[in-house]
Amino acid sequence: MQYFDQETILYLNGAFVKAHEAKIDLYSQTLHYGYGVFEGIRSYRSIDGETRIFKATEHFERLRESANAINLPFSFDLKEIIDATYQILALNNLQDAYIRPLVFAPPNMTYAFNTTSYITIQAWKMQPFLGEKLLRIMSSSFQRPNPAGFHIHAKACGHYVNSIVSSQDAKRQGYDEALLKDMEGYVAEGPGANVFYEKNHQLFTPAEGYILNGITRKTILEICRDLQISVTEKQITHDEMKEADAAFFCGTGVEVIGWESLDNGLFPIQFDQSISGIIRKAYLSLVRSDMTSYENCKKEVLNLQP
Ligand code: PMP
């Protein structure tokens, strides 16, 4: 995966600079302690040929909320940084891109408050984070972080050590990705994605409380309402998940990606033939503002409903 080359330009504290010339401080509190916040955003070439950042405001607002949650100063104007992101896309000749803003801390080896913070915004081409093939998922022995110990609604850098080690553990055991439980033992989410399952044409997803309430998750809930698909947010047991007809992960990076199996138990309905499969199509239509294809998904749901 190539993130940048000699020509790539990134945004750093108000300036557009060559990625290979950009410098950060090795004494940054973010590097040493994971004390920083970031976003994962995508832009798409829309059906009309325009470049559109999907849910730009929601993502940059979450960036600000994440910084506030961990007491990291955030003095950036949202409109200015959204404009800067569009410039980064144009300067790097990108339309379909993954965008990564990071707010990071100055040199500080104490646990005292900071009076300033820095921002960088980078963009690169990236295929769906977990590929496009159906996934073989493993129930992980790792739990998501305890909300009493972490502000889990914040996308804070350090939280992702949990994501990396749990995902690596699943891969080491021959699976594509991990499914983590919450500290009460209910299904929570993936290392970098929320989870839904389908049973009898209805959808279910873990309720808020122990998960990162993803922007894609919220979009899926909106799609379900619009396509008149019943969806319930609740505590979900591992056994319920195993009895599902179909299941998928959703997130900005992974988009919507179906599962082949959970702990080697295959799901009975072919993903393409499931309500979940239609939701995937609807999501991929929405991000490209392809409303004709989105409307077709409504008809497909009606055809599938008993
Ligand atoms: N959960 C976790 C732990 C994540 O890292 C992500 C990716 N940001 C998500 C869920 C999905 O969030 P979103 O849809 O906002 O990208």
Side-chain angles (χ1 to χ4, degrees), residues 34 36-44 53-67 69-70 85 96-103 121-123 126-131 135 137 140 142-147 149-170 177-183 186-197 203 205-224 231 233 236 247-259 276 279-280 282-284 286-287:
V37 295
F38 70 98
E39 265 305 315
I41 310 175
R42 273 189 192 272
S43 62
Y44 293 90
I53 300 174
F54 189 63
K55 306 256 177 187
T57 308
E58 287 85 342
H59 279 284
F60 281 99
E61 279 175 354
R62 185 170 67 185
L63 185 69
R64 183 173 57 194
E65 282 162 23
S66 296
I70 67 164
T85 308
D96 289 314
Y98 184 78
I99 300 158
R100 172 53 62 82
L102 169 72
V103 176
I121 304 171
Q122 302 155 8
M126 192 177 80
Q127 295 307 307
F129 197 61
L130 294 172
L135 301 173
I137 303 297
S140 180
F142 286 94
Q143 294 176 349
R144 290 295 292 160
N146 177 350
F150 292 88
H151 293 298
I152 55 159
H153 61 280
K155 240 177 122 55
C157 301
H159 297 181
Y160 282 79
V161 177
N162 170 265
S163 299
I164 292 172
V165 292
S166 58
S167 185
Q168 288 175 343
D169 180 50
E177 190 54 294
L179 174 66
L180 286 81
K181 296 192 181 119
D182 64 32
M183 54 178 292
Y186 292 98
V187 170
E189 59 185 328
N194 291 115
V195 59
F196 281 79
Y197 80 81
L203 261 77
T205 192
E208 287 180 55
Y210 290 104
I211 58 168
L212 184 80
N213 184 5
I215 290 166
T216 318
R217 177 183 180 276
K218 287 184 213 157
T219 307
I220 301 294
L221 294 176
E222 285 161 18
I223 291 175
C224 285
V231 56
E233 299 172 70
I236 292 171
F248 61 89
F249 273 143
C250 68
T252 303
V254 304
E255 300 180 317
V256 174
I257 181 71
W259 294 7
S276 303
I279 287 176
R280 176 170 196 268
Y283 179 77
L284 294 176
L286 201 60
V287 294

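Atoms within a ligand are numbered from 1 in the order they appear, just like the ligands themselves.
Ring-plane geometry between Phe248 and Phe196 is classed as parallel, the angle between the planes falling under 30 degrees on a 0 to 90 degree scale with a further cut at 60.
Annotation: Phe129 is not in aromatic contact with Tyr98 [ring centroid separation under 6.0 Å not met].
No donor-acceptor distance shorter than 3.5 angstrom exists from the side chain of Arg100 to the backbone of Ile41, with no hydrogens or angles considered. Of the possible donor and acceptor atoms, one in the side chain of Asn194 sits under 3.5 Å from a partner among the backbone N and O of Leu212. Under the 3.5 Å distance criterion, the side-chain polar atoms of Asn162 are matched with a main-chain donor or acceptor of Gln143.
Applying the salt bridge (Lys or Arg N to Asp or Glu O under 4.0 Å) definition to pairs two or more places apart or across chains, those involving residues 209-219 are Arg217-Glu233.
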Give one line per pair: atom of ligand 1, protein atom, distance. Only N/O to N/O under 3.5 Å.
from, atom 1, to, atom 2, distance (Å)
ligand 1, 1 (N), Glu189, OE1, 2.6
ligand 1, 5 (O), Tyr160, OH, 2.5
ligand 1, 8 (N), Lys155, NZ, 2.6
ligand 1, 14 (O), Ile215, N, 3.2
ligand 1, 14 (O), Thr216, N, 2.8
ligand 1, 14 (O), Thr216, OG1, 2.6
ligand 1, 15 (O), Arg62, NH1, 2.8
ligand 1, 15 (O), Arg62, NH2, 2.9
ligand 1, 15 (O), Ile215, N, 2.8
ligand 1, 16 (O), Thr252, N, 3.0
ligand 1, 16 (O), Thr252, OG1, 2.7

